[in-house]
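Here the structure comes first, spelled out in structure tokens, and everything after it is commentary.
Counting from 1, the numbers follow the sequence of the chain as shown. Atoms within a ligand are numbered from 1 in the order they appear, just like the ligands themselves.
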Amino acid sequence: MTEVAGTTVVRTRAELREALAQAPRPVGLVPTMGWLHEGHRALMQRAREDNATVVVSIFVNPRQFNVASDFTRYPRNEARDLAMCESEGVDIVFAPDVEEIYPPGFATMVSVGTVALPLEGAARPGHFDGVATVVAILFDLVGAERAYFGQKDAQQVMVIRQMARDLAIGTEVITCPTVREADGLALSSRNVHLTPDERAAAPVLRRALVAARDAWRAGEHDAERLRDAMFETLTAEPLVGVEYVSVADALTMQELTQVDRPALASLAVRFGTTRLIDNEILDPTAGTTAD
Ligand code: AMP
């Protein structure tokens, strides 16, 4: 157990248990894979506002990478991550080794049904099993009152909510808005892999979602036309490879024909070997976002 100016860094389950035993309640958990950016910072700040103790986990989870090379090249910089946690007044950072989470003989996976199957689940087989498994373990180890996740990974939030409900885990799942660069690109640890040309082209993701949102606001409720609007915006950018565009039921993630209920417009694209995702909620009852 080490102290970095008020932040206790723990690496084992036993150290975590010990640190939590003395921690005032309620506890807020922010699970991350490190390479922390302003999106993670916003989650920490929200957790700090709501809770007496803030725990951040930093764990690059091998089981949620369906492509091994993606895991190997995932960016890591623990010293910088710890500095951000410390500057945000995080009380406990849990930064375990892979064997601490998955000890020898580990043989159980949490597999969430319907909501985990389309979109990211279809594009990245096994991904959500890995996510649900590690988050179930973290929820159990930390026993937080609340856990904070980003809207940027909208389907992930739905998968985690389903998992927590089904496994009777008492941690409340809280979604925080997507943090963006000034040009609209959602912050992501993967943005570091973009070449300058790809980075310059990357705001096209946001433009595609805004095109769909604006068409929907103007009265277009035919989901296929909204998907077409996203597809056309994306394909006008030569560096982009489109993986999917979707207008789905915001709760079930099933594709819609008509946008007659709260919907999620989402997309996944590739710039070379770098895969990026983004989304926008289409919900008449939700507050509007700027731009
Ligand atoms: P990651 O480290 O990429 O696994 O992300 C950890 C958490 O941060 C997840 O709940 C993500 O949804 C969230 N997150 C990642 N990027 C952003 C962003 N740009 N805005 C808000 N939350 C984000």
Side-chain angles (χ1 to χ4, degrees), residues 28-50 54-66 70-71 73-78 80-82 84-85 88 90 93-96 98 101 116 119-120 124 127-139 142 144 146-164 171-194 199 202-203 205-206 209 264 266-268 274-281 289-291:
L29 169 67
V30 180
T32 82
M33 297 205 299
W35 198 261
L36 301 180
H37 52 61
E38 296 302 309
H40 300 110
R41 192 194 294 279
L43 301 184
M44 293 183 212
Q45 290 175 343
R46 176 73 198 279
R48 186 70 282 171
E49 281 168 27
D50 293 352
V54 176
V55 179
V56 170
S57 60
I58 300 177
F59 180 63
V60 185
N61 174 30
R63 288 179 192 251
Q64 74 185 68
F65 289 85
N66 53 315
D70 192 23
F71 171 69
R73 78 168 196 154
Y74 199 83
R76 293 161 170 90
N77 186 337
E78 195 185 84
R80 218 188 56 189
D81 291 346
L82 293 181
M84 185 188 287
C85 291
E88 293 306 326
V90 170
V93 172
F94 180 45
V98 172
I101 296 296
L119 303 171
E120 290 301 284
R124 305 179 65 192
H127 168 66
F128 281 131
D129 287 2
V131 169
T133 302
V134 79
V135 174
I137 293 168
L138 291 170
F139 277 13
V142 177
R146 306 184 184 95
Y148 297 82
F149 296 89
Q151 174 62 26
K152 175 170 165 285
D153 300 282
Q155 190 181 11
Q156 170 171 279
V157 176
M158 301 314 292
V159 169
I160 290 166
R161 283 186 195 284
Q162 179 88 47
M163 178 279 290
T171 302
E172 182 190 355
V173 173
I174 293 173
T175 314
C176 299
T178 302
V179 177
R180 300 176 181 284
E181 302 280 8
D183 62 9
L185 177 64
L187 292 178
S188 164
S189 306
R190 289 193 162 86
N191 293 350
V192 70
H193 294 310
L194 297 171
R199 175 62 190 84
L205 276 79
R206 181 73 189 142
L209 290 164
L264 185 79
S266 67
L267 47 81
T274 305
R275 186 173 186 279
L276 300 180
I277 60 172
D278 201 351
N279 67 78
E280 175 75 14
I281 295 175
T289 47
D291 80 1

Are there any N/O pairs under 3.5 Å between ligand 1 and the protein, and if so, what are their distances?
unit_1: ligand 1; atom_1: 2 (O); unit_2: M33; atom_2: N; d: 2.9
unit_1: ligand 1; atom_1: 2 (O); unit_2: H40; atom_2: NE2; d: 2.9
unit_1: ligand 1; atom_1: 5 (O); unit_2: H40; atom_2: NE2; d: 3.4
unit_1: ligand 1; atom_1: 10 (O); unit_2: G150; atom_2: N; d: 3.0
unit_1: ligand 1; atom_1: 12 (O); unit_2: G150; atom_2: N; d: 3.2
unit_1: ligand 1; atom_1: 12 (O); unit_2: G150; atom_2: O; d: 3.3
unit_1: ligand 1; atom_1: 12 (O); unit_2: D153; atom_2: OD2; d: 2.6
unit_1: ligand 1; atom_1: 16 (N); unit_2: L187; atom_2: O; d: 3.3
unit_1: ligand 1; atom_1: 19 (N); unit_2: V179; atom_2: O; d: 2.9
unit_1: ligand 1; atom_1: 19 (N); unit_2: L187; atom_2: N; d: 3.4
unit_1: ligand 1; atom_1: 19 (N); unit_2: L187; atom_2: O; d: 2.9
unit_1: ligand 1; atom_1: 20 (N); unit_2: V179; atom_2: N; d: 2.8

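With Y148 as the aromatic partner, R41 does not meet the cation-pi criteria of under 6.0 angstrom to the ring centre and within 45 degrees of the ring axis.
Here the side chain of D81 pairs a donor or acceptor atom with the backbone of L36 at under 3.5 angstrom.
Between E88 and R48 no salt bridge is recorded (no basic side-chain N to carboxylate O distance below 4.0 Å).
With sequence neighbours left out, the side-chain contact (heavy atoms from CB on, under 4.5 Å) criterion links A268 to E120, E243, Y244, R275, I277. Checked against side-chain contact (heavy atoms from CB on, under 4.5 Å), S189 has the following partners two or more places apart in sequence or in another chain: W35, H37, H40, Y74, P75. Take L205 and apply the side-chain contact (heavy atoms from CB on, under 4.5 Å) test, not counting sequence neighbours, and it matches L267, V269, F271, L276, D278.
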